[in-house]
Amino acid sequence: MQTPEQPVLRDIVLVGGGHSHVGVLKRFAMNPVPGVRLTLICRDTHTPYSGMLPGYIAGHYSYDDVHIDLSRLAEYAGARFYRAEVTGLDRSNKRVICKGRPNVPYDLLSINIGSSPRVAEVVGASEHAVPVKPITGFNNRWLALLSRIENHDGPLTIAVVGAGAGGVELTLAMQFRLRNELTRRGKDPDQIHFHLFDAADQILPTHNAKVRAVFRDKLVHRGVKLHLGSAVSKVEQGLLTTESGQTLQTDEVLWVTRAGGPAWLNDTGLALDDGLFIRARDTLQTENDDNIFVAGDIANVINSSPGKSRCVCRSSGPAAGGQPAAHGHWQARQAL
Ligand SMILES: Cc1cc2nc3c(=O)[nH]c(=O)nc-3n(C[C@H](O)[C@H](O)[C@H](O)COP(=O)(O)OP(=O)(O)OC[C@H]3O[C@@H](n4cnc5c(N)ncnc54)[C@H](O)[C@@H]3O)c2cc1C
């Protein structure tokens, strides 16, 4: 931990409160490095453990159960915590540019900002669909949906776009919870209708045939209407249209498709791939800047096989570009 008596010899700045930075903070808390000043900059004070997110949606866990309080963790690690959104980098002066606060200088920088479904690729999706990430935005909309059904009577139709692991899990978790909520209020749970769309002609395209069959049966058994080989091409208020011209009137559209990096990375001069993921070497240093490291979904480690977290989200969408990642918690839930 940095104490007031120690001079700051090196500024390490962590951008984003993703899973890797949580681990870094914990390590620093246990093994402080004299002379190092650690700073965490994150848009949110609480970061979710995404493996437990479907359980939270289903009602098995509370908000606090699945979230890590970054300000407390930073305090424990003796780090500074700035709640701010990073909007750029001034690499020649080694500064992080933030919205609404002064730039933050760094000697070494690490980026762990996750990725988000690419809503901009489909007409109207940015305005009328709810992307599963950032999680805060999704959670706010989910809470609004929960309170909406308190007073709602009559049918409610929810469309989920993207039948990868995230889309399938979210569909089942939301349906479980909403049906329970309606039953608890003495209402008819069959009023909730779920539709799952994907451009591919099968669900879970990167999982094996047995897993696909189990979940296909489960979805059908639970009354989820599958629209496979159905790329969504337009979203309007209350209406979704596919490339073949099929339309569906919806109350809510959730977007769990192929993910990408944020547009601001374009102006950093860092080497990016087509999906705006940051290209990194085996050391996790970015391809063209030794002082900047990258981890988690936003990293594209160029020499590694494609088995990493971000592929889960990337592979879940219509383009199905990614490959499966062998993650413990995804795998464990497949047995459910
Ligand atoms: C429903 C669902 C279930 C999932 N289940 C699993 C699973 O079981 N197993 C698995 O491996 N993966 C799972 N995933 C995928 C998982 O979410 C990601 O792989 C994982 O969260 C990536 O972690 P990360 O550390 O890269 O970033 P994230 O966990 O996404 O964290 C990024 C952080 O950076 C912050 N941030 C972003 N942009 C900025 C900015 N500009 N300025 C400041 N801060 C910023 C965010 O607020 C956030 O705190 C699931 C995803 C979903 C949607």
Side-chain angles (χ1 to χ4, degrees), residues 13-25 39-58 66-71 73-74 81-89 96-101 104 109-117 130-139 142 160 162 164-174 254-265 268 276-278 280 284 294-301 307-317 322 324-334 336:
V13 175
L14 310 176
V15 171
H19 299 32
S20 309
H21 285 172
V22 166
V24 169
L25 287 164
T39 304
L40 172 68
I41 310 173
C42 190
R43 197 172 48 196
D44 304 306
T45 315
H46 291 84
T47 198
Y49 176 59
S50 50
M52 289 170 80
L53 201 66
Y56 162 70
I57 300 293
V66 306
H67 284 83
I68 297 162
D69 183 339
L70 292 170
S71 62
L73 182 62
F81 175 62
Y82 296 150
R83 184 177 176 191
E85 182 175 355
V86 171
T87 53
L89 299 178
V96 179
I97 303 166
C98 303
K99 194 168 161 184
R101 60 153 296 116
V104 181
L109 180 73
S110 176
I111 302 176
N112 180 206
I113 54 173
S115 58
S116 312
V130 186
V132 69
K133 284 191 162 195
I135 297 286
T136 331
F138 171 76
N139 187 44
W142 168 243
V160 178
V168 167
E169 273 197 328
L170 269 187
T171 302
L172 292 171
M174 286 189 296
L254 298 160
W255 213 257
V256 201
T257 64
R258 205 157 64 112
W264 63 263
L265 287 176
T268 59
L276 301 189
F277 295 100
I278 303 171
L284 296 187
V294 59
D297 277 10
I298 196 62
N300 175 357
V301 184
K308 53 188 168 174
S309 289
R310 71 183 174 82
C311 296
V312 173
C313 288
R314 291 183 81 190
S315 64
S316 63
H327 303 300
H329 42 311
W330 281 116
Q331 301 293 326
R333 289 203 302 268
Q334 286 171 3
L336 294 176

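One-based numbering, in listed order, for ligands and for the atoms of each.
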Within less than 4.0 angstrom of ligand 1, does Ala84 place any heavy atom? yes

Residue pair Leu265 / Pro262, side-chain heavy-atom distance below 4.5 Å: yes

Between Asp44 and His46 (side chain of the first, backbone of the second, donor and acceptor by atom type, cut-off under 3.5 Å), is there such a pair? no

Is the closest N or O pair between Ser115 and ligand 1 shorter than 3.5 Å? no

Could you walk me through whether Ser71 and Arg83 pass side-chain contact (heavy atoms from CB on, under 4.5 Å), step by step? CA-CA 9 Å; Ser71 62; Arg83 184 177 176 191; over 6 Å; no

Show me which atoms of ligand 1 lie under 4.0 Å from any heavy atom of Glu169. 3 (C)

Return yes or no for this condition: an N or O of Val86 is under 3.5 Å from an N or O of ligand 1. yes

Look at the side chain of Ser115 and the backbone N and O of Ala259, then say whether any donor-acceptor pair between them is shorter than 3.5 Å. no

Between Arg43 and Ala84, is there a donor-acceptor pair closer than 3.5 Å when you use the side chain of the first and the backbone of the second? no

Could you list the residues that satisfy side chain to side chain donor-acceptor pair (under 3.5 Å) with Thr87, not counting sequence neighbours? none

Using the side chain to side chain donor-acceptor pair (under 3.5 Å) criterion, which residues pair with Ser110? Sequence neighbours excluded. His21

Short list, please: which atoms of ligand 1 are under 4.0 Å from a heavy atom of Asn112? 24 (P), 25 (O), 26 (O), 32 (C), 33 (C), 34 (O)

Does ligand 1 have an atom that lies less than 4.0 angstrom from a heavy atom of Trp264? yes

Tell me the contacting part of Val132 for ligand 1: side chain, backbone, both, or neither, using a 4.0 Å heavy-atom threshold, strictly below. side chain

Test item: Leu254 and Leu170 side chains (from C-beta on) under 4.5 Å apart, heavy atoms: no

Taking 4.0 angstrom as the limit and counting only heavy atoms of Gly51, give me the atoms of ligand 1 inside it, by number and element. 8 (O)

Is ligand 1 less than 4.0 angstrom away from at least one heavy atom of Lys133? yes

Does at least one non-hydrogen atom of Pro134 fall below 4.0 angstrom from an atom of ligand 1? no

Proximal atoms of ligand 1 relative to Gly16 (non-hydrogen, under 4.0 Å): 34 (O), 35 (C), 44 (N)

